[in-house]
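Reading through the structure tokens given below for one structure.
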2 protein chains.
Amino acid sequence: MHHEFHHPVSRMKSEDRRELILESATGVFGQFGYYGATTDQIAKAAGVSQPYVVRMFGTKERLFIEVIERALAFILMTFRAVLAEGHHDLQHRFGSAYVEMLRQRGLLLSLMHSFVLGGDPVVGARAREGFLEVYAFLRHEAGFGPEEAQQFLEGGMLLNTLVGLRMSEEFETSPLANELLCTALPHKLDLLLELGEAQRLGT
Amino acid sequence: MHHEFHHPVSRMKSEDRRELILESATGVFGQFGYYGATTDQIAKAAGVSQPYVVRMFGTKERLFIEVIERALAFILMTFRAVLAEGHHDLQHRFGSAYVEMLRQRGLLLSLMHSFVLGGDPVVGARAREGFLEVYAFLRHEAGFGPEEAQQFLEGGMLLNTLVGLRMSEEFETSPLANELLCTALPHKLDLLLELGEAQRLGT
DNA sequence: CTTCGAAGTAATCATTCAATAACCACATAA
DNA sequence: TTATGTGGTTATTGAATGATTACTTCGAAG
């Protein structure tokens, strides 16, 4: 009775499975970073075997690159959708849309992890390029000036950091954390807390 | 002729060696992050054997914790020194001091790496605490209001990100990167470029 | 039916890495 | 001059991990 094959469950088309794995990988990379995440964790999160993950993407590095490229594409697509709905109050509307992206688990954090690996010849190069794509969008498509664009990026980076820190976990225990979060996320604070709660239960 | 002991060079006091290793570790952790850095890289950077590194700090995790605690202490010390020289123009003077800290290789980036590992029970907890210490300093010692403190942190996080990305490498090749850097670092741009250059030669 | 490609899996390998063990050498003081 | 402890080392190990290989099963088309 050699190979009692388990999981005869779901057979998907390659493209769908690929998307599913990318989603799981985004979550795992977001939590542990490029080096910290293992292909096995990703595979388990996707409900698939580890070799399959590797075979589908070639290497862990290529998988990570695909993850951050997908994340970037998502951000730009979202911003363009916002732009299509009018050019008024952009700073604020982009901000809201950005916070909403927290719903895509690990998306912003995977990017953030890539941003601090600028020294890596392949990951770093792609990360720089990606960051500049966003800046180019703000400057040329959204019509932001240099200071305005910079200000927006500053806010984004602080948000990423607070999310990465899981500062929402201290929302009720630390008055300072409370104040910081309330100041930094004028609107949408409820979303952050809700997601933090979901995460706590899920893990 | 079993043990031809090399490196009979320098024998240091434990405290000095410890400090030297912490400095090397800061650099390596800053470049590769907690998971990406290896104790062996750190050892080589410190000119010492790998087992000695782990024996001196117990585990890699404890070493990392010490690195970020040291970094935090350095930041607060520096800011307090700035504060001692007068309460005028604090935002700008803190900013300058912050950028100057780039001279301590890997110091800001090690912290940044810790900030995106908030999910880790021990690293994440210490990182949150550390971040809040800085916020507490700004609010209570420096006398910043919530918005002012937030604004300062935003600028700091963008700076960290740009450094992590090694955006300075694109300074001459990409007009957008050039503009971004010039906008984000009104003063002190030369320092960033100088350090980037040193790094390129050193690695 | 049967065949055949696409969608997966189990088994295993080669490294890498943190950690441990066991040992060595230099300085200092008795 | 010889004990002794502090500041190191080499050798090794066990676990984790990315990658490879060689299967297997399902579904659809002939």
Side-chain angles (χ1 to χ4, degrees), chain A residues 1-25 28-29 31-67 113 117 120-123, chain B residues 1-25 28-29 31-67 113 117 120-123:
Chain A
M1 55 83 94
H2 271 201
H3 297 123
E4 201 87 23
F5 268 63
H6 314 128
H7 290 281
V9 278
S10 61
R11 226 158 137 114
M12 294 173 95
K13 290 212 172 149
S14 191
E15 274 312 302
D16 298 341
R17 188 62 87 184
R18 189 184 179 78
E19 198 56 30
L20 200 157
I21 293 177
L22 279 172
E23 211 175 297
S24 304
V28 177
F29 279 130
Q31 188 171 3
F32 300 103
Y34 172 55
Y35 292 109
T38 74
T39 55
D40 195 55
Q41 287 176 294
I42 293 168
K44 284 198 169 65
V48 98
S49 72
Q50 179 262 343
Y52 193 46
V53 170
V54 172
R55 257 231 321 223
M56 177 161 277
F57 294 91
T59 71
K60 180 183 170 183
E61 185 178 75
R62 278 222 275 276
L63 171 55
F64 187 60
I65 295 286
E66 288 220 33
V67 161
H113 276 285
L117 289 180
D120 185 279
V122 27
V123 171
Chain B
M1 56 80 96
H2 272 200
H3 297 120
E4 202 86 21
F5 267 66
H6 313 126
H7 287 282
V9 274
S10 61
R11 226 164 138 112
M12 293 175 95
K13 288 205 178 154
S14 191
E15 273 311 303
D16 298 342
R17 189 61 88 182
R18 188 184 180 78
E19 198 57 30
L20 200 157
I21 293 177
L22 279 172
E23 211 174 298
S24 305
V28 177
F29 279 130
Q31 187 171 3
F32 300 104
Y34 173 54
Y35 293 109
T38 74
T39 54
D40 195 55
Q41 285 175 295
I42 294 167
K44 284 198 168 66
V48 99
S49 72
Q50 179 262 342
Y52 193 46
V53 170
V54 357
R55 253 231 322 223
M56 176 162 278
F57 294 93
T59 72
K60 180 183 171 185
E61 185 177 74
R62 278 221 277 275
L63 170 56
F64 187 60
I65 294 287
E66 288 219 33
V67 162
H113 277 286
L117 289 180
D120 185 280
V122 27
V123 171

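Quick note on labels: first sequence line is chain A, next is B, and so on, each numbered from 1.
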Restricting both atoms to N or O, compile the protein contacts to nucleotides 16-18 of chain C shorter than 3.5 Å, with distance only.
from   : atom 1 : to      : atom 2 : distance (Å)
C:dA18 : OP1    : B:Ala37 : O      : 3.4
C:dA18 : OP1    : B:Lys60 : NZ     : 3.0
C:dA18 : OP2    : B:Thr39 : N      : 2.8
C:dA18 : OP2    : B:Thr39 : OG1    : 2.8

I'd like a table of atom pairs between the protein and nucleotides 28-30 of chain D - only N or O on both sides, under 3.5 Å - with the distance next to each one.
none

List in chain and number order the residues that pass side chain to side chain donor-acceptor pair (under 3.5 Å) with B:Glu61, two or more places apart in sequence or in another chain; answer none if no residue qualifies. none
Taking only residues two or more places apart in sequence, or in another chain, which ones meet A:Glu23 in a side chain to side chain donor-acceptor pair (under 3.5 Å)? none
Which pairs, with at least one residue in residues 35-63 of chain B and sequence neighbours excluded, count as a ring-ring contact (aromatic ring centres under 6.0 Å, His included)? none
Determine: side-chain N/O of A:Tyr52 to OP1/OP2 of C:dT9, distance under 4.0 Å, yes or no. no
CZ of B:Arg18 to CG of B:Leu63: how many Å apart, nearest 0.5 Å? 9.0 Å
The nucleotide from C:dA11, C:dA19, C:dG8 with an atom nearest the side chain of A:Val48 is C:dG8
Within this structure, what is the [atom1]-to-[atom2] distance between [X] and [N], rounded to whole angstrom?
X	N	atom1	atom2	result
B:Arg62	C:dA19	CZ	C1'	12 Å
B:Lys13	D:dG5	NZ	P	19 Å
A:Arg55	D:dT21	CZ	P	11 Å

Under 4.0 Å, counting only non-hydrogen atoms across every strand here, what does B:Arg17 touch: a base, just sugar-phosphate, or nothing? sugar-phosphate
Would you classify A:Ser49 as touching base, sugar-phosphate or nothing, given that sugar-phosphate means primed atoms plus P, OP1 and OP2, and contacts are heavy atoms under 4.0 Å? base
Can you give the donor-acceptor pairs under 3.5 Å from side chains of residues 36-46 of chain B to other protein atoms, not counting sequence neighbours?
from    : atom 1 : to      : atom 2 : distance (Å)
B:Thr38 : OG1    : B:Asp40 : N      : 3.4
B:Thr38 : OG1    : B:Gln41 : N      : 3.0
B:Thr38 : OG1    : B:Gln41 : OE1    : 3.4
B:Thr39 : OG1    : B:Gln50 : NE2    : 3.2
B:Asp40 : OD2    : B:Lys44 : NZ     : 2.8
B:Gln41 : OE1    : B:Thr38 : N      : 2.9

Within the modelled atom types, does a donor on one side and an acceptor on the other bring the side chain of A:Arg11 and the base of C:dG8 under 3.5 Å apart? no
